[in-house]
Amino acid sequence: MIDKTFIEKLGAYEEGSMSPKEIIQFFQELVDKDVIWKLQGHYERAASVMLEMGVIKPRKEIPTDIAVETGALDLFCNKVKKDLTSDNK
């Protein structure tokens, strides 16, 4: 999960040497790899703002083992859809 490239990107971000496009790609990668929530609070807050603005997308992978069996996944998806549609009004 954490490799040399990741460390280099983290350093580049913290040094301020990334372009806006690189920052967006980096944060999308952090979200996709589920690493963002394990970093300092700044990263979580920045990702949350980017997610709210639609600049990056939520992680595609949703744990489905027990959630599917219990119907919790359907409830979750319906709630997210409802929240998204009510925010757009």
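Any value given below was found using the heavy atoms of this structure, including those in side chains, with hydrogens, waters and symmetry copies removed.
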Would you call the rings of F27 and Y13 parallel, tilted or perpendicular, where under 30° means parallel and over 60° means perpendicular?
perpendicular
To the nearest 0.5 Å, what is the distance between CG on L51 and CD on Q28?
7.5 Å
Distance, nearest 0.5 Å, that separates CD of E8 from CD of E15
10.5 Å
From M50 atom CE to I36 atom CD1, the distance as rounded to the nearest 0.5 Å:
8.0 Å
Atom pair CD1 (I56) and CG (D32), whose distance is rounded to the nearest 0.5 Å:
8.5 Å
So which atom in V31 and which in P58 form the shortest heavy-atom distance, rounded to 0.1 Å?
CG1-C, 4.1 Å
If you compare all heavy atoms of M18 against all heavy atoms of K9, which two are closest, and at what distance to 0.1 Å?
CE-O, 3.3 Å
